[in-house]
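Numbering of ligands and ligand atoms starts at 1, following listing order. Keep in mind that this is a model prediction, so the values were computed, not measured.
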Amino acid sequence: AKKNLNTNFEYYEPEMEEQTTWRLDMIRQLGLDFSERKLQLWYQPQVDLVTERVVGMEALLRWPTSNGGFISPDVFIPLAEYSGLIIDIGAWVLEESCRQLGVLSALGFTELRMAVNISMPQFRDPEFINIVKSVITEQGIKPARIELEITESIVMDEPQIVVEALHELKEFGVKVAIDDFGTGFSSMSYLQQLPLDRLKVDRSFVNEITPGKSAFIAETIVTLGNKLGLSTIAEGVEKREQASYMLKLGCDEAQGYLFAKPMPFEQLVVFLENQQDK
Ligand code: C2E
Ligand code: CA
Ligand code: CA
Ligand code: CA
């Protein structure tokens, strides 16, 4: 059965017995399309909640289908992780996003930050730290302009590997954010052991701004971040009220459809140039 996840994405939900072949087919196709350079990186602006000016963007993978649609990352990222393809794809994401940040610098956007999602298999790859360092160095970018987004489950999965790697990367100068904060299985103790810069308040907590459980969790996360000296960013901000509420809570930044959807690089440049004129 073909289903629409939302307006942009499509995917097939197979019957149980077809699952394995479906999966293998998808993985084979993903590997093929990646090697043929068919994967794309789109960028979603992140804004300062006070000034509402763009301070950075998150790089998001897009896998186009032959009929003009896209397969959702929520479907293919798990397959890329399971198959190990994410190691090469993730290296390309780092390379491409740093290259584009270099292009933005040349256009005069010298302070913007680039957030890049990192998966667990990448941390397990002994080459990972070298890849991060060499890609950033080659592009001549200040390491502090690159922010690695990791989830709590990554940290809990293999704390030893992650803690060590993050300390080394931190020494090099890159920033680290905890993605989807509050949704993972977490013991808060890692917050003390990790060299973190930012908490990303998960969309599910931002959604509900009326007094209620989610709003209370959002407030608690922002307070926690502030007390720990970490920046906070709200994701999935779709409505004006959500932005004002997060601002009132003391949240620093926001990302969401209210400000901009993820877009191809050329469109991002136009978006940034239009903003500059304001
Ligand atoms: P994420 O890291 O939590 O990324 C944010 C997701 O929320 C993106 O979905 C983005 O398009 C969506 N989003 C942004 N603003 C709004 C909003 O206002 N409302 C709603 N409803 N959604 C919003 P996307 O692009 O489908 O990516 C899904 C997930 O796939 C990402 O979640 C991330 O976990 C993963 N992913 C994407 N690109 C990469 C990548 O390069 N590497 C890795 N390892 N994972 C990636
Ligand atoms: Ca993310
Ligand atoms: Ca997120
Ligand atoms: Ca998410």
Under 4.0 Å to a heavy atom of [X] - the qualifying atoms of ligand 1, by number:
| X | answer |
| --- | --- |
| Gln44 | 14 (C), 15 (N) |
| Ser119 | 44 (N) |
| Val93 | 41 (O) |
| Asp180 | 3 (O) |
| Glu58 | 2 (O), 4 (O) |
| Gly256 | 15 (N), 18 (O) |

Going by heavy-atom distance to [atom], choose the closest among [options].
| atom | options | result |
| --- | --- | --- |
| atom 1 (P) of ligand 1 | Ile86, Leu94, Asp179 | Asp179 |
| atom 12 (C) of ligand 1 | Glu235, Gln122, Arg203 | Arg203 |
| atom 42 (N) of ligand 1 | Thr183, Ile154, Asn117 | Asn117 |
| atom 35 (C) of ligand 1 | Leu61, Ile77, Leu60 | Ile77 |

* **hydrophobic_cluster_shared for Val50 and Phe259, side chain cutoff 4.5 Å** => yes
* Hey, what do you get for CG (Leu166) to CD (Gln193), rounding to the nearest 0.5 Å? -> 11.5 Å
Out of curiosity, is [X] lining ligand 1, as in a heavy atom under 4.0 Å away?
| X | answer |
| --- | --- |
| Arg62 | yes |
| Gln255 | no |
| Gly90 | no |

* If we only count heavy atoms from C-beta on, is the Gln44 to Met57 side-chain gap below 4.5 Å? -> no
* Decide yes or no for Glu238 and Val206: does some side-chain heavy atom of the first lie under 4.5 Å from some side-chain heavy atom of the second? => no
* Basic-acidic side-chain contact under 4.0 Å: Glu52, Arg240 -> yes
* Asked: Does the distance from a Lys or Arg side-chain N to an Asp or Glu carboxylate O, for Glu241 and Lys239, drop under 4.0 Å?
  -> no
Please report, to 0.1 Å, the donor-acceptor pairs under 3.5 Å made by any side chain of residues 130-137, with sequence neighbours excluded.
residue : atom : partner : partner atom : Å
Lys133  : NZ   : Glu168  : OE2          : 3.2
Ser134  : OG   : Asn130  : O            : 3.0
Ser134  : OG   : Ile131  : O            : 3.3
Thr137  : OG1  : Lys133  : O            : 2.6

* To do: On the 0 to 90° scale, with breaks at 30° and 60°, tag the Phe265-Tyr43 ring pair as parallel, tilted or perpendicular.
  => perpendicular
* Residue and atom, protein N/O/S, under 3.0 Å of the Ca ion (ligand 2) -> Glu58 OE2, Asn117 OD1, Glu149 OE1, Asp179 OD2
* **The single option from Glu235, Arg113, Glu253 passing side-chain hydrogen bond (donor to acceptor under 3.5 Å, both in side chains) against Gln46** => Arg113
